[in-house]
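Taking it in order: structure first as C-alpha cells, then the write-up.
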Amino acid sequence: MTGWHGKILWVNLTKGEIKKWEYPGLWARNYLGGRGLAARILWEYLPSGTDPLGPYNLLIMSVGSLTGHPLPSSGKLQISAKSPLTGGYGDGNIGTQASVELRKAGWDAIVFEGKSEKPVYLYIENGKAELYPADDLWGIDTFESERKLKEQHGRNLGVLQIGPAGERLVRFATVLSQEGRSGGRPGMGAVMGSKKLKAVVIKGTGGIPAVDLKELRKLGAQAFTDIRKSKAYDFWMRQGTMMTVQWAQEVSVLPTYNFTEGVFDEYKGIDGFMLEKLKVSQRGCPNCNMPCGNVVEDEEKEWSELDYENVAILGSNIGLGDLRKVATLNKIADKLGVDTIALGSVLAFATEASQKGLIDEKIEWGDYETYKQLARDIAYRKGLGALLSLGTRRMAEILGGNSIEFAIQVKGLEVSAYDCHAAPGMALAYGTSPIGAHHKDAWVISWEVQTNRWSYDRDKAAKVIELQRIRGGLFESFVACRLPWVEVGLSIDYYPKFLKAATGITYTWDDLYDVADRIYTLIRAIWIREYKTWGREMDMPPAKWFKRPTTKGPLAGSHLDYEKYNQLLNYYYEIRGWDRRGVPTRETLERLGLGFTIPALDRIVGLN
Ligand code: PTT
Ligand code: SF4
C-alpha cells in the first residue's frame, strides 16, 4: 500500500487502551480513505442497532491519500459515526491543521470505541498516543480549550474539540477547530461527548507517503497557479461563499421564515457586500490559496467567521437582516459547539410553532434577544432550549399535530440553506444525500436554475448522481476541499493525476465512479441495517415544499409536485441500481464488490 500509511490508531476509551491496526490494503484501493474508509469500518465493526450515544458507537476521524500534500486545499478531515440526530450514517468534513498533522504522524485514521469514565483528551505525537485527563477543559468553550491546549503542547499542532453542547449530548453538536471551523453536522460532537472525549491534539513531524513526490509537487504548483489566475478568483477572495446570498435572492432560493419563502426583503443587510464593509480578517484551512473564512466583528464586538449557510439560516430564515447580529449567533454556535444550520432551523421551527400556538412561549421573526438566549439554552439544554436541542424531527414528534410538515429536515438532518419550492433537482439532492439533508453531496441548484428549472426529467436525476459521485464520493474520500473545483473552476482532471502521483494507481473516471458508487451503496446499506425497515418515504423532502406555495417574489406560487417528484426519484433509483424502495438490488451489490452486505440486507428487507 503506497500513498496511504495503511495504519489506523484504534482507541478503546473504556479500557484506556490504544492499539495500532494495519487495515486491509484493498480497503484503501477500493474506498480511497476519508468517508469511504469510515463507511467500510462502520459496516464491519459497528454493532447493528447500537445506541449512537452509547459506548459501542464508533467515532472515526479519517484522512485520504491527497490530504496534507502540497496540493490545493488539502487540509481537510472527515469525522464519521452513527448519528444521534438521524439514527443512520453521519459524517462531516472539517478544515483543520489536525488533518495534516495526522498524515505527518503516520496514521490514516483514528477510531474511538467505548466510553471513558472521566473527561479525557487524546494526545498524538507521531507513532505515540496517550490519553490525558481533561477535567480542567470540560465545561469550557471551544475557543478557550484550543488556546489552553496550545499553551500546554505548543502552537505547531492541530486540535479538534467539542464545546459544552457536545458534552451535554446536544444532538446537533459538532466538532470544532481553529475558532470557526466546524464539522459533523449530524451530531458528531455529541458522539464525542458521549465518550467523554473533550479533544484530540495531533503533532506529526514525519513525511506524507507518495509514490512520486516530485510529480505531485509539480502538479500541485500548476494547480495553485491555475487557481490564482482564475477569472473568479478576485471576487471569491472578496466575498467567498457569502456571494451566494445575493444570487440566492435573485433566483428565489434564499431560505426565509422557516423555508416559507425564497426571497427576503432585508437581504442587503446580510449579503456579501455588507460582509465586505464589515470584514476585519480572512483565514482558511491549511494548504489553501483561496481562503474563504471571512471574519467580521459581531454585535458583541468579538470576531466571528461567516459562510453562506450560517448567514442564510441564522439570517433570512429567522427574519434577521443585520449581519452583526447574525455573526453573534454564529459565534455562539462556534464557541458552544453546535451546527449553525440546525440551530437556525430549530429557531425558525420554534418561531413558526409559537405563531401557530403549539408552544406557550411567544417568539417573533427576527427576535434577536430571544434567539440569542435560546442559542445558549440549547447548548446547555435549559428550558425551551432542551426541547430545541433535540432537532426539528424530534420536536415535531413531541409537539404533534401537523408540525412535521414544517420541520424542514430529511432523515432527521436539517436542510441546509436552499429553499426548494422551485428547485426539484435540489430537493432530490437533499432527499437522497447519504447523511440527511445536506447540500454538500450535490449542489445541483446552480446548474438547475441555469438549465430547465421546472423539469423533473431523467437528466436531472443523472446530474444529481454525477455530482454526488464527484463531491460526496470522491472529495470526501480523497480527502480534500472541493471548492477549488466548484468555485474557481480548477480542472477536475487534476485529481486522477494527483492520485496517480500519490498512490501509483491509475484510476480512470469509470474506476473513480465505481468507487463513489460503492461508497454510496455501502452507506445506504448501513442506513437499512440500522433502520431495519426501509421505504422511499425516507428519501422525501419536507412536506412544506409540496403543500404550502410561496407567496413572495417573482416566483410566488411555486411548490413541488408530489407525483412528479416520485417519478424523479424512480429515475434516480434506476440509475443507481436500487429498487423502488430505495434498496440496492442484489445485482448492484455484487457488481460493486459489496457482496458481503447481501446476507444481512436480505434478512432485514429481502433483496430484489
Ligand atoms: C458543513 C456545514 C457548512 S457547509 C456550513 S457553512 W458552507 C456551516 N458551517 C458551520 C460553522 O462555520 N460553524 C458551526 N458551528 N456550524 C456550522 N455548520 C455548517 O456546516 C467549510 C467549508 C464550507 S463552508 C463548505 S460549503 C465546503 N464544504 C466542504 C465539504 O463538505 N466537503 C469538502 N470536501 N470540502 C468542503 N469545502 C467547504 O468547506 P459539515 P469547514 Mg464543515 C463557522 O462540516 O458537517 O460537513 O457541514 O468544515 O472547515 O468549516 O469548512 O457555505
Ligand atoms: Fe478551507 Fe475555504 Fe480553502 Fe476550502 S476554500 S480549503 S473551506 S479555506
Side-chain angles (χ1 to χ4, degrees), residues 34-35 64 66-67 71-80 83 85 90-99 142 160 162-163 165-166 172-189 227 236-237 240-245 248 282-295 303-314 327 329-345 375 379 413-414 416-418 433 435-436 438-441 443 470-488 490:
R35 173 183 265 181
L66 301 189
T67 313
L71 302 172
S73 309
S74 67
K76 290 263 181 184
L77 175 136
Q78 199 73 11
I79 307 172
S80 318
S83 159
L85 189 62
D91 72 19
N93 185 288
I94 184 168
T96 168
Q97 185 61 30
S99 65
T142 63
L160 295 153
I162 55 167
F172 47 87
T174 57
V175 179
L176 275 288
S177 189
Q178 300 177 192
E179 302 192 359
R181 298 275 139 193
S182 157
R185 293 191 51 220
M188 299 302 102
I227 290 171
W236 171 262
M237 289 300 281
T241 59
M242 285 287 291
M243 67 170 81
T244 312
V245 175
Q282 186 155 354
R283 53 196 187 196
C285 314
N287 298 349
C288 180
N289 70 338
M290 45 178 282
C292 67
N294 287 303
V295 181
W303 281 19
S304 176
E305 185 177 320
L306 296 175
D307 285 298
Y308 166 71
E309 304 292 327
N310 312 330
V311 168
I313 289 280
L314 293 170
L329 296 178
N330 177 69
K331 175 202 65 191
I332 294 171
D334 284 349
K335 278 190 165 180
L336 301 183
V338 292
D339 172 33
T340 49
I341 296 173
L343 175 63
S345 216
L413 184 70
E414 282 68 24
S416 43
Y418 303 93
S433 148
I435 60 167
H438 201 321
H439 64 288
K440 68 194 232 162
D441 280 79
W443 191 64
I470 298 175
R471 295 167 63 112
L474 301 178
F475 277 102
E476 302 309 53
S477 305
F478 287 157
V479 174
C481 177
R482 59 171 187 260
L483 297 188
W485 166 64
V486 175
E487 300 290 353
V488 298
L490 182 68

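Predicted, not measured: the structure shown is a model, and the values here were computed from it. Every number for a ligand or one of its atoms is a count from 1 in the order of the listing. Nothing fancy with the numbering, it's 1 onward along the sequence.
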Is there a protein heavy atom less than 4.0 Å away from atom 23 (C) of ligand 1?
no
Minimum-distance protein heavy atom relative to atom 3 (Fe) of ligand 2
C288 SG, 2.3 Å
From the options E476, R471, R482, select the one whose nearest heavy atom is closest to atom 34 (N) of ligand 1.
E476
Measure the distance from atom 4 (Fe) of ligand 2 to every protein heavy atom, then report the residue, atom name and distance (to 0.1 Å) of the closest one.
C481 SG, 2.4 Å
So which bit of A480 gets within less than 4.0 Å of ligand 1, heavy atoms only: side chain, backbone, both or neither?
backbone
Can you find a non-hydrogen atom of R482 under 4.0 Å from ligand 2?
no
Under a 3.5 Å threshold, yes or no: a donor from one side chain and an acceptor from the other, between T174 and S182?
yes
Does any N or O of ligand 1 fall below 3.5 Å from an N or O anywhere on N93, backbone included?
yes
Classify the ring geometry of W485 against F475: parallel below 30°, tilted from 30° to 60°, perpendicular beyond 60°.
parallel
Taking atom 2 (C) of ligand 1 as the point of reference, which of R185, E414, M242 owns the nearest heavy atom?
R185
Give the residue and atom name of whichever protein heavy atom lies nearest to atom 2 (Fe) of ligand 2, and the separation in Å to one decimal.
C292 SG, 2.3 Å
N-O pairing of D441 and R471 below 4.0 Å:
no
Can a non-hydrogen atom of P291 be found less than 4.0 Å from any atom of ligand 2?
yes
Any idea which part of K440 is under 4.0 Å from ligand 1, heavy-atom wise: side chain, backbone, both or neither?
side chain
Partner of N93 by side chain to side chain donor-acceptor pair (under 3.5 Å), out of R482, K440, E476
E476
Please list the nearest protein heavy atom to atom 1 (Fe) of ligand 2 with its residue and the distance rounded to 0.1 Å.
C285 SG, 2.3 Å
Say whether M188 and ligand 1 are in contact under the criterion: heavy-atom distance to a ligand atom below 4.0 Å.
no
Tell me, please: is R181 in heavy-atom contact with ligand 2, that is, under 4.0 Å?
yes
